[in-house]
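Here is the structure we will look at.
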Amino acid sequence: MTQKLNVVISTLNSKYIHSSLAPWCLLAGIEKYCDKNISAQVVEGTINEKLQNVADRIISKHPQVIGFSCYIWNIAKTRELILLIKNQLPNTIIVLGGPEVSYNAATVLKENQLVDFVLSGEGELPFALLLNAISHDDFAQTLPGLCFRKQEKIVVAPAYISTEDPPSPYTQKYFDSLNGRISYLETSRGCPYSCAFCLSGRCGNARFFDIERAKRELLLLANCGTQTVKLVDRTFNANRKRANQIFDFIIKNYGTQIPKGVCFHFEIAGDILDEETINLLSTAPVGAMQFEIGLQSFNPKTLKSVNRKTDMALLEKNIKLVIKNANMHIHIDLIAGLPFEDWDSFEKSFNIAYTLRPNMLQLGFLKLLYGAPMREQPNNFPCEYSIEPPYEVTQTPWISRDELEKLHCVEDALERIYNSGRFRRTLDLLMNKCDCTPFELFLEFGLLASEHGTQKISLNDYITLIFKYFSIHKSIDKIQLRDAMVCDFLATNASGLLPPILEIKDSAHKKAKMFLDSDCKTRQQKGVKRGLALLYSENCAVYVDYEEKNPVTLEYQLKKFNYMLQI
Ligand code: SF4
């Protein structure tokens with residue numbers, strides 16, 4: 001007998017601004033493959049909101065089946081959420097899918113009696129087939145990717161990998177729910193590489209969807225009110241010709257069919273960029289695209305051990321070339337805790353990466369994900385890691401627990417000082433004047449800041465900490481340091497009000513303001529906030545009108561003028 005089925009597809013996003021595409025892909029699968037007696041809706045939540053509220057939203061839909069997309073960041077909260085729901089809806093069928101449960105389905109089913117099914121691999125077709133089977137109460141057939149309990153046993157299926165293009169998730173309901181948040185676009189699945197710490201290599205060879213569909217969806221997303229379209233393709237330029245066609249499509253349509261201000265984010269491999277692509281990218285409008293380029297390490301032995309085949313010299317050269325154009329935000333990353341990467345080797349990798357001067361240098365820590373070869377081959381990768389998500393490595397034969405903890409202090413300082421973009425001039429000055437490497441500087445200050453405690457520190461207090469710490473350094477001129485910090489602050493903080501530690505009461509400030517206002521070209525515009533400060537090391541003043549930010553540096557433009565001579 002066929003029964004009507006009410007289905008909720010849910011996921012807990014890491015933040016409100018991130019809206020996982022997975023539930024919408026599953027919904028598209030249901031619409032394409034399910035019988036008409038099955039109706040489904042998406043209910044999103046975040047890991048930071050009260051779980052009872054998410055549970056209430058789900059329960060209010062009276063679902064007979066709930067599917068959850070599970071990731072490393074939400075699995076713990078998803079388990080709690082299931083408990084809350086099952087307390088009120090004990091007969092609801094719970095189905096889990098996603099990377100966090102795809103390769104450990106037996107354990108998930110053994111440890112969570114409230115979970116009825118796990119779907120391993122791609123979900124669009126398997127979830128729809130499972131719902132059809134539930135509605136017909138017919139489990140005669142084996143379903144792709146379906147893992148379940150059968151009496152005392154657990155039946156596990158291999159991860160399902162489709163050969164077709166998945167149905168498009170972009171419906172009016174998706175756009176309505178997006179509400180200006182970051183949108184995600186998938187134009188391929190899988191990855192041609194197989195890095196030992198990553199799951200993507202297990203999802204089959206890269207499968208590229210129809211390029212005309214990719215362009216169509218790219219335009220849809222660009223015009224839906226979002227500011228950032230994030231391509232989730234694992235190595236977007238794995239197919240160079242196709243990648244160039246899409247880059248070219250964006251460049252040609254930017255400002256016309258693609259509204260100015262929208263930014264497309266790509267994950268690419270830097271060493272396979274060729275001259276043609278680099279030349280093409282140099283013509284991209286400022287801020288139209290941003291790239292995330294994985295480095296992981298500059299130690300060849302480390303890279304080889306995790307199965308990464310990277311031409312490091314070419315990678316370095318290409319990153320420098322794309323950064324030189326200053327038209328794209330470039331994000332590169334390193335991973336601490338990889339095999340053969342000891343303290344000295346990591347320091348070396350960090351210093352090389354820093355000298356490339358990306359817009360963002362992310363220092364991540366190795367995580368041993370379920371299904372990743374590194375986790376499944378402990379003899380080859382003898383690491384200690386936390387048993388709870390995010391399974392971060394805490395010690396390896398090459399790097400100690402203590403050293404990894406110190407690297408967390410480096411990460412904190414790097415995030416706040418470098419990646420925030422709030423201290424560009426200050427850092428240039430410090431690097432010039434202090435006799436230390438970038439790694440030593442971030443380590444030294446990171447350790448100090450951690451002693452001080454930075455968890456809830458305000459920006460003004462952090463600025464005070466930096467100023468006080470470095471201004472007693474014998475090779476640093478206190479006034480030069482203050483002026484660099486003033487310029488950084490004015491360029492990145494639209495309040496226009498200097499933190500007390502950088503403020504100097506001076507009657508010349510008023511005169512400088514009067515001087516600017518006396519000329520119609522420099523007079524403060526109505527409705528536009530202005531920041532103004534005197535720079536004593538250069539004998540000049542600087543002002544900034546808080547109108548438009550540079551989309552790559554995220555800075556407002558500073559304008560200096562010689563007030564001493566002209567007043
Ligand atoms: S780390 Fe990147 S290149 Fe390596 S397998 Fe994963 S997605 Fe592919």
Side-chain angles (χ1 to χ4, degrees), residues 20-22 71-73 98-100 102-103 120-122 159 161 166 184-209 230-240 242-243 246 264-274 277 290-312 314-316 318-319 322 330-341 346 349 353 358 360-377 380-381 383 385 390-393:
S20 167
L21 196 55
Y71 300 91
I72 193 169
W73 65 80
E100 182 56 23
S102 278
Y103 302 99
S120 174
E122 293 179 39
I161 298 169
Y184 294 87
L185 175 60
E186 186 183 35
T187 79
S188 65
R189 266 187 200 171
C191 181
Y193 306 107
S194 45
C195 307
F197 49 83
C198 180
L199 292 182
S200 297
R202 288 193 66 162
C203 304
N205 279 333
R207 231 162 75 221
F208 297 94
F209 308 161
K230 217 166 175 180
L231 280 284
V232 295
D233 306 40
R234 304 308 292 141
T235 304
F236 184 77
N237 59 335
N239 179 335
R240 199 177 291 160
R242 183 177 182 276
I246 295 181
F264 296 90
H265 177 108
F266 299 91
E267 279 183 38
I268 61 158
D271 61 332
I272 57 170
L273 285 172
D274 63 359
T277 310
Q290 61 186 36
F291 284 168
E292 191 172 330
I293 307 174
L295 300 174
Q296 325 312 356
S297 166
F298 276 97
N299 181 337
K301 205 169 169 191
T302 297
L303 292 174
K304 191 162 177 243
S305 75
V306 294
N307 206 22
R308 270 181 87 87
K309 297 170 195 77
T310 312
D311 181 335
M312 294 314 283
L314 191 57
L315 176 64
E316 248 188 275
N318 287 346
I319 291 177
V322 286
I330 307 294
H331 169 157
I332 61 178
D333 47 25
L334 292 174
I335 299 181
L338 290 171
F340 303 105
E341 188 91 288
F346 186 81
S349 291
M360 187 167 190
L361 169 57
Q362 189 183 327
L363 196 176
F365 291 81
L366 180 63
K367 296 173 179 64
L368 291 198
L369 309 174
Y370 277 112
M374 281 194 85
R375 183 167 181 140
E376 295 190 343
Q377 299 160 24
N380 294 341
F381 303 105
C383 307
Y385 57 93
Y391 319 117
E392 189 174 301
V393 163

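Counting starts at 1 for both ligands and their atoms, in listed order.
The protein atom (non-hydrogen) at minimum distance from atom 6 (Fe) of ligand 1 is Cys198 SG, 2.3 Å. Of all protein heavy atoms, the one lying nearest to atom 5 (S) of ligand 1 is Cys195 N, 3.5 Å.
In this model, a donor atom of one side chain and an acceptor atom of the other lie less than 3.5 Å apart for His331 and Gln362. With 3.5 Å as the limit, one finds a donor-acceptor pair spanning the side chains of Thr187 and Asp233.
Listed by atom number, the atoms of ligand 1 under 4.0 Å from Arg308 heavy atoms are 1 (S), 4 (Fe). Residue Tyr193 has at least one heavy-atom neighbour below 4.0 Å for each of these atoms of ligand 1: 3 (S), 5 (S). Less than 4.0 angstrom separates some heavy atom of Ser200 from each of these atoms of ligand 1: 6 (Fe), 7 (S).
Residue contact annotation: Cys191 places no N/O/S atom under 2.8 Å from atom 6 (Fe) of ligand 1.
At a threshold of 4.5 Å between non-hydrogen side-chain atoms, the residues Met374 and Pro339 count as touching. Counting only heavy atoms from C-beta outward, the side chains of Asp274 and Ile272 never approach each other to under 4.5 Å.
With a 4.0 Å cut-off on non-hydrogen atoms, Leu199 does not touch ligand 1 at all.
Looking at Asn237, its side chain never comes within 3.5 Å of a backbone N or O of Ala243 through a donor-acceptor pair.
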- Worked check of ring-ring contact (aromatic ring centres under 6.0 Å, His included) between Tyr370 and Tyr391: CA-CA 9 Å; Tyr370 277 112; Tyr391 319 117; 5.3 Å; yes
